[in-house]
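Below is one structure, written out as C-alpha coordinates, with a few remarks after it.
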Amino acid sequence: MKHRVAVCQYSMEWCNIPSNLLRAEEFIARAKADTVILPEMFATGFTTDPTTVAQPMSGEIVEWMRSVATKYGCAVVGTAIISEEGKCYNRALFVKPSGEVLHSDKRHLFTIGGEAEHLTAGSERVVVEWGGLRWLLLVCYDLRFPVWSRCRGDYDVALYPASWPASRRRAWQTLLQARAIENEAFVIGANRTGSDPTTNYSGESAIIGFKGEILAEIGAEEGVISAELDAEELAQFREKFPTLNDADHFRIENP
(Lines give C-alpha, C1' and ligand atoms only; values in the text may rest on other atoms or scores of the structure.)
Protein backbone atom coordinates (compact mmCIF):
# COMPACT_ATOMS: atom_id res chain seq x y z
CA MET A 1 0.00 0.00 0.00
CA LYS A 2 1.33 3.41 -0.98
CA HIS A 3 0.57 6.51 1.06
CA ARG A 4 1.17 10.05 -0.21
CA VAL A 5 2.60 12.35 2.42
CA ALA A 6 3.28 16.08 2.10
CA VAL A 7 5.18 18.68 4.11
CA CYS A 8 4.12 22.33 4.11
CA GLN A 9 7.01 24.73 4.72
CA TYR A 10 6.29 28.40 5.24
CA SER A 11 6.98 31.46 7.39
CA MET A 12 4.55 32.45 10.14
CA GLU A 13 3.39 35.81 11.33
CA TRP A 14 4.46 36.16 14.96
CA CYS A 15 1.65 35.06 17.29
CA ASN A 16 -1.05 35.95 14.74
CA ILE A 17 -3.20 32.83 14.91
CA PRO A 18 -5.98 33.82 12.45
CA SER A 19 -3.49 34.88 9.77
CA ASN A 20 -1.34 31.77 10.19
CA LEU A 21 -4.32 29.42 10.01
CA LEU A 22 -5.37 31.00 6.72
CA ARG A 23 -1.88 30.54 5.31
CA ALA A 24 -1.67 26.96 6.53
CA GLU A 25 -4.92 26.07 4.80
CA GLU A 26 -3.63 27.47 1.53
CA PHE A 27 -0.68 25.08 1.72
CA ILE A 28 -2.82 22.11 2.76
CA ALA A 29 -5.11 22.71 -0.21
CA ARG A 30 -2.06 22.60 -2.50
CA ALA A 31 -0.66 19.44 -0.94
CA LYS A 32 -3.27 16.96 -2.21
CA ALA A 33 -1.94 14.21 0.04
CA ASP A 34 -3.19 11.51 2.41
CA THR A 35 -1.24 13.04 5.29
CA VAL A 36 0.03 16.62 5.59
CA ILE A 37 2.64 17.72 8.14
CA LEU A 38 2.95 21.34 9.28
CA PRO A 39 5.87 22.89 11.21
CA GLU A 40 6.15 23.14 14.97
CA MET A 41 3.77 25.76 16.45
CA PHE A 42 2.45 26.35 12.95
CA ALA A 43 -0.25 28.77 14.10
CA THR A 44 1.89 31.06 16.28
CA GLY A 45 5.57 30.68 15.51
CA PHE A 46 7.89 29.16 18.12
CA THR A 47 7.38 30.88 21.46
CA THR A 48 8.36 29.68 24.91
CA ASP A 49 5.84 31.97 26.63
CA PRO A 50 2.40 30.34 26.66
CA THR A 51 0.52 33.23 28.26
CA THR A 52 -0.84 34.69 25.04
CA VAL A 53 -1.09 31.63 22.77
CA ALA A 54 -1.94 28.58 24.92
CA GLN A 55 -5.30 27.01 24.13
CA PRO A 56 -7.29 24.03 25.44
CA MET A 57 -7.91 20.97 23.28
CA SER A 58 -11.33 22.45 22.53
CA GLY A 59 -9.76 25.70 21.31
CA GLU A 60 -9.53 27.36 17.93
CA ILE A 61 -6.36 25.63 16.71
CA VAL A 62 -7.48 22.05 17.32
CA GLU A 63 -10.96 22.73 15.98
CA TRP A 64 -9.41 24.28 12.87
CA MET A 65 -7.28 21.15 12.37
CA ARG A 66 -10.37 18.97 12.61
CA SER A 67 -12.18 21.16 10.13
CA VAL A 68 -9.45 21.17 7.46
CA ALA A 69 -8.72 17.45 7.90
CA THR A 70 -12.36 16.70 7.14
CA LYS A 71 -12.58 19.29 4.35
CA TYR A 72 -9.56 18.02 2.43
CA GLY A 73 -9.91 14.33 3.35
CA CYS A 74 -6.43 14.01 4.81
CA ALA A 75 -4.72 13.63 8.15
CA VAL A 76 -3.17 16.89 9.40
CA VAL A 77 -0.19 16.98 11.77
CA GLY A 78 1.36 19.93 13.62
CA THR A 79 2.05 21.23 17.11
CA ALA A 80 0.54 23.88 19.36
CA ILE A 81 0.86 25.01 22.96
CA ILE A 82 -1.99 23.30 24.76
CA SER A 83 -3.13 24.10 28.29
CA GLU A 84 -4.49 21.27 30.38
CA GLU A 85 -5.08 20.94 34.13
CA GLY A 86 -2.92 23.94 34.95
CA LYS A 87 0.03 22.88 32.78
CA CYS A 88 1.10 23.79 29.25
CA TYR A 89 2.56 21.41 26.67
CA ASN A 90 4.14 21.67 23.25
CA ARG A 91 1.74 19.10 21.85
CA ALA A 92 2.03 17.20 18.58
CA LEU A 93 -1.47 16.77 17.18
CA PHE A 94 -2.42 14.11 14.64
CA VAL A 95 -5.92 14.75 13.31
CA LYS A 96 -7.62 12.23 11.02
CA PRO A 97 -10.26 13.13 8.42
CA SER A 98 -12.87 11.58 10.71
CA GLY A 99 -12.12 14.33 13.22
CA GLU A 100 -10.35 11.96 15.64
CA VAL A 101 -7.50 13.73 17.43
CA LEU A 102 -4.47 11.91 18.81
CA HIS A 103 -1.55 13.63 20.47
CA SER A 104 1.88 13.36 22.04
CA ASP A 105 3.69 15.98 24.11
CA LYS A 106 7.23 17.04 23.29
CA ARG A 107 9.54 14.95 25.44
CA HIS A 108 12.74 16.99 25.21
CA LEU A 109 12.19 20.64 25.95
CA PHE A 110 14.78 23.10 24.66
CA THR A 111 16.10 24.32 28.01
CA ILE A 112 18.73 26.51 26.34
CA GLY A 113 15.93 28.59 24.87
CA GLY A 114 13.83 28.67 28.03
CA GLU A 115 11.18 26.20 26.87
CA ALA A 116 11.41 24.10 30.04
CA GLU A 117 10.69 27.13 32.23
CA HIS A 118 7.12 27.40 30.98
CA LEU A 119 6.16 24.05 29.47
CA THR A 120 5.86 20.51 30.82
CA ALA A 121 7.69 17.65 29.12
CA GLY A 122 5.82 14.66 27.77
CA SER A 123 6.30 11.21 29.26
CA GLU A 124 4.67 8.84 26.75
CA ARG A 125 5.62 7.77 23.24
CA VAL A 126 2.58 7.76 21.00
CA VAL A 127 2.24 5.76 17.79
CA VAL A 128 -0.76 6.43 15.55
CA GLU A 129 -2.14 3.87 13.10
CA TRP A 130 -3.36 5.49 9.91
CA GLY A 131 -3.40 4.68 6.21
CA GLY A 132 -1.68 1.33 6.58
CA LEU A 133 1.30 2.83 8.43
CA ARG A 134 2.30 3.40 12.05
CA TRP A 135 3.34 6.98 12.82
CA LEU A 136 5.56 7.97 15.77
CA LEU A 137 4.82 11.51 16.98
CA LEU A 138 7.91 13.49 17.94
CA VAL A 139 8.74 17.21 18.00
CA CYS A 140 11.81 19.16 16.82
CA TYR A 141 14.45 18.86 19.59
CA ASP A 142 13.44 15.20 20.11
CA LEU A 143 15.44 14.56 16.92
CA ARG A 144 18.69 14.91 18.88
CA PHE A 145 17.82 12.02 21.23
CA PRO A 146 18.05 8.64 19.49
CA VAL A 147 16.86 6.61 22.48
CA TRP A 148 13.42 8.26 22.46
CA SER A 149 13.28 7.80 18.67
CA ARG A 150 14.34 4.14 18.74
CA CYS A 151 12.10 1.83 16.76
CA ARG A 152 11.07 -1.15 18.87
CA GLY A 153 9.23 -2.76 16.00
CA ASP A 154 6.34 -0.43 16.76
CA TYR A 155 6.43 2.24 14.04
CA ASP A 156 7.07 2.80 10.33
CA VAL A 157 7.28 6.61 10.10
CA ALA A 158 8.85 9.09 12.53
CA LEU A 159 7.45 12.62 12.35
CA TYR A 160 9.39 15.71 13.44
CA PRO A 161 7.43 18.97 13.10
CA ALA A 162 10.09 21.57 13.85
CA SER A 163 11.25 25.15 14.24
CA TRP A 164 14.93 24.35 13.68
CA PRO A 165 17.30 27.36 13.46
CA ALA A 166 19.39 28.03 10.37
CA SER A 167 22.54 28.14 12.52
CA ARG A 168 22.18 24.40 13.19
CA ARG A 169 21.06 23.32 9.73
CA ARG A 170 23.80 20.74 9.28
CA ALA A 171 22.71 18.89 12.41
CA TRP A 172 19.12 18.92 11.14
CA GLN A 173 20.05 17.38 7.81
CA THR A 174 22.39 14.78 9.28
CA LEU A 175 20.16 13.67 12.14
CA LEU A 176 17.09 13.18 9.94
CA GLN A 177 19.02 10.72 7.79
CA ALA A 178 20.63 9.07 10.82
CA ARG A 179 17.25 8.43 12.47
CA ALA A 180 15.98 6.85 9.24
CA ILE A 181 19.00 4.59 8.79
CA GLU A 182 19.32 3.38 12.37
CA ASN A 183 15.59 2.66 12.72
CA GLU A 184 14.89 1.37 9.20
CA ALA A 185 11.98 3.78 9.04
CA PHE A 186 10.67 6.67 6.99
CA VAL A 187 11.53 9.99 8.64
CA ILE A 188 9.79 13.28 7.92
CA GLY A 189 11.17 16.64 9.06
CA ALA A 190 8.75 19.56 8.65
CA ASN A 191 10.62 22.77 9.38
CA ARG A 192 9.59 26.40 8.97
CA THR A 193 11.35 29.16 7.07
CA GLY A 194 11.61 32.92 7.56
CA SER A 195 12.35 34.50 10.94
CA ASP A 196 10.86 35.49 14.29
CA PRO A 197 12.03 38.10 16.85
CA THR A 198 15.00 35.97 17.92
CA THR A 199 15.81 33.37 15.26
CA ASN A 200 16.27 32.78 11.53
CA TYR A 201 15.13 29.52 9.94
CA SER A 202 16.51 27.86 6.81
CA GLY A 203 13.63 25.47 6.17
CA GLU A 204 15.18 22.43 4.45
CA SER A 205 12.27 20.16 5.24
CA ALA A 206 12.77 16.63 3.96
CA ILE A 207 11.14 13.25 3.52
CA ILE A 208 13.69 10.49 4.08
CA GLY A 209 13.41 6.87 2.99
CA PHE A 210 14.10 3.90 5.26
CA LYS A 211 17.61 3.45 3.82
CA GLY A 212 18.46 7.10 4.44
CA GLU A 213 17.79 8.22 0.87
CA ILE A 214 16.15 11.60 0.29
CA LEU A 215 12.71 11.14 -1.27
CA ALA A 216 11.86 14.85 -1.32
CA GLU A 217 13.44 18.03 -0.01
CA ILE A 218 13.19 21.81 -0.23
CA GLY A 219 15.54 24.70 0.44
CA ALA A 220 14.78 27.91 2.33
CA GLU A 221 11.81 28.91 0.17
CA GLU A 222 8.18 28.39 1.05
CA GLY A 223 6.50 25.44 -0.61
CA VAL A 224 5.13 21.92 -0.47
CA ILE A 225 7.05 18.68 -0.96
CA SER A 226 5.55 15.22 -1.20
CA ALA A 227 6.45 11.57 -1.65
CA GLU A 228 4.84 8.16 -1.64
CA LEU A 229 5.58 5.88 1.31
CA ASP A 230 5.36 2.19 0.47
CA ALA A 231 4.58 0.05 3.53
CA GLU A 232 5.17 -3.18 1.61
CA GLU A 233 8.66 -2.16 0.49
CA LEU A 234 9.52 -1.21 4.06
CA ALA A 235 8.32 -4.57 5.42
CA GLN A 236 10.31 -6.45 2.79
CA PHE A 237 13.48 -4.52 3.58
CA ARG A 238 13.11 -5.08 7.32
CA GLU A 239 12.66 -8.80 6.71
CA LYS A 240 15.69 -8.97 4.43
CA PHE A 241 17.95 -6.84 6.63
CA PRO A 242 16.61 -7.14 10.21
CA THR A 243 19.14 -5.03 12.11
CA LEU A 244 16.54 -4.06 14.69
CA ASN A 245 16.65 -7.66 15.98
CA ASP A 246 20.20 -6.98 17.19
CA ALA A 247 19.42 -3.70 18.96
CA ASP A 248 20.27 -3.15 22.63
CA HIS A 249 17.52 -3.63 25.17
CA PHE A 250 16.87 -0.83 27.62
CA ARG A 251 14.25 0.79 29.81
CA ILE A 252 13.43 4.49 29.78
CA GLU A 253 12.75 6.08 33.16
CA ASN A 254 10.73 9.27 33.41
CA PRO A 255 12.49 12.25 34.99
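As a basis for the values below, the full set of heavy atoms in this structure was taken, side chains included, without hydrogen atoms, waters or symmetry mates.
Inter-residue side-chain proximity for Val128 and Leu137 is flagged as met; some heavy-atom pair is nearer than 4.5 Å. For the pair Ile82/Val62, a side-chain contact is recorded, criterion being any heavy-atom separation below 4.5 Å from C-beta on. Annotation: side chain of Val77 is not in contact with side chain of Leu38 (no heavy-atom distance under 4.5 Å).
A 6.0 Å sphere centred on CZ of Phe241 holds no more than 12 heavy atoms belonging to other residues, nucleotides or ligands. For Arg150, the CZ atom sits in a packed shell: over 12 heavy atoms of surrounding residues, nucleotides or ligands are nearer than 6.0 Å. Counting non-hydrogen atoms of neighbouring residues, nucleotides and ligands closer than 6.0 angstrom, the CD atom of Glu84 exceeds 12 such neighbours. Remark: Glu221 CD is packed, more than 12 non-hydrogen atoms of other residues, nucleotides or ligands lying under 6.0 Å away.
With 3.5 Å as the limit, one finds a donor-acceptor pair spanning the side chains of Ser205 and Gln9. Side-chain atoms of Thr193 and Glu222 form no donor-acceptor pair, as typed in the model, at a separation below 3.5 Å. No donor-acceptor contact under 3.5 angstrom links the side chains of Thr47 and Asp49, judged on distance only. Side-chain atoms of Asn90 and Glu40 form a donor-acceptor pair, as typed in the model, at a separation below 3.5 Å.
Distance check, rounded to the nearest 0.5 Å: CD1 of Ile81 to CD of Gln55 gives 10.0 Å.
When the side-chain hydrogen bond (donor to acceptor under 3.5 Å, both in side chains) test is applied to Arg192, the partners found at least two apart in sequence or on another chain are Ser11. Under the salt bridge (charged side-chain N to carboxylate O under 4.0 Å, His left out) criterion, Glu233 pairs with no residue at all, not counting sequence neighbours.
Between the side chain of Arg134 and the main chain of Gly153, a donor-acceptor pair closer than 3.5 Å is present. The main-chain N or O of Gly122 is never found under 3.5 Å from a side-chain atom of Asp105 such that the two would form a donor-acceptor pair. Judged by distance alone, with hydrogens and angles left aside, the side-chain atoms of Asn16 form no donor-acceptor pair with the main-chain N or O of Trp14 at under 3.5 Å. Side chain of Asp142 to main chain of Val139: a donor-acceptor pair is present (N/O by atom type, distance under 3.5 Å, no hydrogens or angles). Listed for the Asn20 side chain is a donor-acceptor partner under 3.5 Å among the backbone atoms of Glu13.
Between Tyr141 and His108, the ring-plane angle classifies as perpendicular under the 30° and 60° cut-offs.
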key: Ser149 vs Arg179, side-chain hydrogen bond (donor to acceptor under 3.5 Å, both in side chains): CA-CA, chis, key distance, verdict   = CA-CA 7 Å; Ser149 300; Arg179 297 293 88 84; 5.1 Å; no

request  = Kindly indicate, with the supporting measurements, whether the criterion side-chain hydrogen bond (donor to acceptor under 3.5 Å, both in side chains) is fulfilled by Tyr72 and Glu25.
outcome  = CA-CA 10 Å; Tyr72 295 101; Glu25 183 168 358; 2.8 Å; yes

request  = Evaluate the side-chain contact (heavy atoms from CB on, under 4.5 Å) criterion for residues Met12 and Asp196: first the C-alpha distance (whole Å), next the side-chain angles of each, then the deciding distance (0.1 Å), finally the verdict.
outcome  = CA-CA 8 Å; Met12 300 129 199; Asp196 61 28; over 6 Å; no

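Taking the ring centroids of Phe42 and Trp64, they lie under the 6.0 Å cut-off.
The list of ring pair (Phe, Tyr, Trp, His ring centres under 6.0 Å) pairs with a residue in residues 205-227, not counting sequence neighbours, reads Phe186-Phe210, Phe210-Phe237.
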